[in-house]
Amino acid sequence: MKNIAKAEKNRVLPADEKKLNSGGRVWVPVSSSALWIPNSKMRSGKLAVSGKTIMLLCITSFLGGSLFSRRIWTQPNSEMDTDLVIPTMSNNEKLRTISRECDLKCKLAERNSGDIMEEVIKTHQVIQSLDKSISTLEMELEIAQKRQIDSQNSKLDRASNHRSPNKAFIVIGINTAFISRKRRDSLRETWMPKGDKIRKLDKENGIVVRFVIGHSATPGGVLDRAIDSEDAQYKDFLRLDHVEGYHELSTKTRLYFAKVVSIWDTDFYVKVDDDVHLNLGA
């Protein structure tokens, strides 16, 4: 055996089987595996590493590299996931912010619409008040003009009365109201003359017949204008400076007698109501 070992030791490798590298190691084929063997080991005749060990080292290195590469590749995925989650959360927050802003704008729009409606209502009320003020001023102007005319007429009447009151046989005052137009028309159609006949009755017979009425609570209003138009048509009214009312009849009667006495000098002063029919022929 010693001789065989010495023979193996002293055996020279062929040129294609014996190669030296730069590190001084010899490439020696061992069974089916190729090994790097240092010169010192070759000299000693012992192998440092077997082929199975090398295979185990290769497999271990491959598995370790696989695990390491898998860990490296899984880490960015988690980072990417976190990067994806963060924008999603920010989008939700943006949506919430936008919805809040929309709610605020809607509320502001509702408030603005409510304010606009209030302004429109206030403007309408102001216009109505202005219309009322204008109508009131027009009525006051008409009343002032009428009072001025009445004052002028009363001055003329007083002047004529101071000179000489009109002579008459009888003065008949028919107490009437604003709503008694049908009664007045009934008297005109029966015993009370109208138009030229009533003037002829005044001058020739000395019989004076007049409807006695004052004015409404709002002088120059619709009621007063209706009486003015009726008086312009028939000329048979005696107007008093008195506010018409059921509880003012006694005052109206007193003012009637005071006025007719100042206008006519007669033997008889009569006051009747508009629902009484007289028989002048008797």
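None of the values given here were measured: they were computed from a predicted structure.
In this structure, Ile59 belongs to a hydrophobic cluster whose other members, linked by side-chain heavy atoms under 4.5 Å apart, are Phe62, Leu63. Clustering of Ile, Leu, Val, Met, Phe, Trp and Tyr by side-chain heavy atoms under 4.5 Å joins Leu137 with none of the others.
Salt bridge status for Lys167 with Asp267: absent, with no side-chain N to carboxylate O gap under 4.0 Å. With respect to Arg210 and Asp236, no salt bridge is recorded, no charged nitrogen being found less than 4.0 Å from a carboxylate O. Under the 4.0 Å criterion applied to side-chain N and carboxylate O atoms, Arg188 and Asp185 are assigned as salt-bridge partners.
The same ILVMFWY cluster, assembled from side-chain heavy atoms under 4.5 Å apart, contains both Ile172 and Val276. Hydrophobic clustering (ILVMFWY, side-chain heavy atoms < 4.5 Å, transitive): Val270 and Ile198 are in one cluster. Note on Leu238: it does not cluster hydrophobically with Val243, by side-chain heavy-atom contacts below 4.5 Å among ILVMFWY residues. No continuous path of ILVMFWY side-chain contacts below 4.5 Å connects Ile213 to Val222, so the two sit in separate hydrophobic clusters. Each of Tyr234 and Ile174 belongs to its own hydrophobic cluster when Ile, Leu, Val, Met, Phe, Trp and Tyr are linked at side-chain heavy-atom distances under 4.5 angstrom.
At least one side-chain heavy atom of Tyr246 sits under 4.5 Å from a side-chain heavy atom of Leu249. Looking at heavy atoms from C-beta onward, Tyr256 lies out of side-chain contact with Val261 at the 4.5 angstrom threshold. With contacts defined as side-chain heavy-atom distances shorter than 4.5 Å, the pair His215/Ile227 does not qualify. Met139 places none of its side-chain heavy atoms less than 4.5 Å from the side chain of Thr136. Put simply, the side chain of Thr266 does not reach to within 4.5 Å of the side chain of Val208, judged on heavy atoms. For the pair Val212/Leu240, a side-chain contact is recorded, criterion being any heavy-atom separation below 4.5 Å from C-beta on. Within the 4.5 Å cutoff, no side-chain heavy atoms of Asn166 are placed close to those of Asp202.
Side-chain rings of Tyr269 and Phe257 stay apart, their centers remaining 6.0 Å or farther from each other.
The line from CG of Asp241 to CZ of Arg239 is 10.5 Å long, rounded to the nearest 0.5 Å. If you take CZ on Arg225 and OG on Ser216, they are separated by 9.5 Å, rounding to the nearest 0.5 Å. Taking OG from Ser61 and CG from Leu56, the interatomic distance works out to 10.5 Å, rounded to the nearest 0.5 Å. Note: Asp275 CG to Ser186 OG = 10.0 Å, rounded to the nearest 0.5 Å. With values rounded to the nearest 0.5 angstrom, Thr253 atom OG1 is found 8.5 Å from His242 atom NE2. Within the model, atoms CD of Glu230 and CZ of Phe178 stand 11.0 Å from one another, a figure rounded to the nearest 0.5 Å.
Residue Pro193 comes nearest to Leu201 through the heavy atom pair CG-CD2, 3.7 Å, listed as atom of the first residue, atom of the second, then distance. A pairwise comparison of heavy atoms in Glu244 and Thr176 identifies OE1-O, 3.9 Å as the closest pair. Considering all non-hydrogen atoms of both residues, Pro219 and Asp224 come closest at CA-OD2, 3.2 Å.
Glu189 pairs with exactly one of Arg184, Lys182, Arg183, Lys194 by the salt bridge (Lys or Arg N to Asp or Glu O under 4.0 Å) rule, that one being Lys194.
Classified by interplanar angle (parallel below 30°, tilted 30° to 60°, perpendicular above 60°), the ring pair Phe237/Phe211 is tilted.
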side-chain contact (heavy atoms from CB on, under 4.5 Å) between Asp274 and Asn175, intermediate numbers included: CA-CA 6 Å; Asp274 54 7; Asn175 199 7; over 6 Å; no
Set out, in order, the CA-CA distance, both residues' side-chain angles and the distance that settles side-chain contact (heavy atoms from CB on, under 4.5 Å) for Glu248 and Lys252, then state yes or no. CA-CA 6 Å; Glu248 301 293 333; Lys252 182 178 181 180; 5.7 Å; no
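When the shell of 6.0 Å around CG of Asp131 is examined, it contains more than 12 heavy atoms from other residues, nucleotides or ligands.
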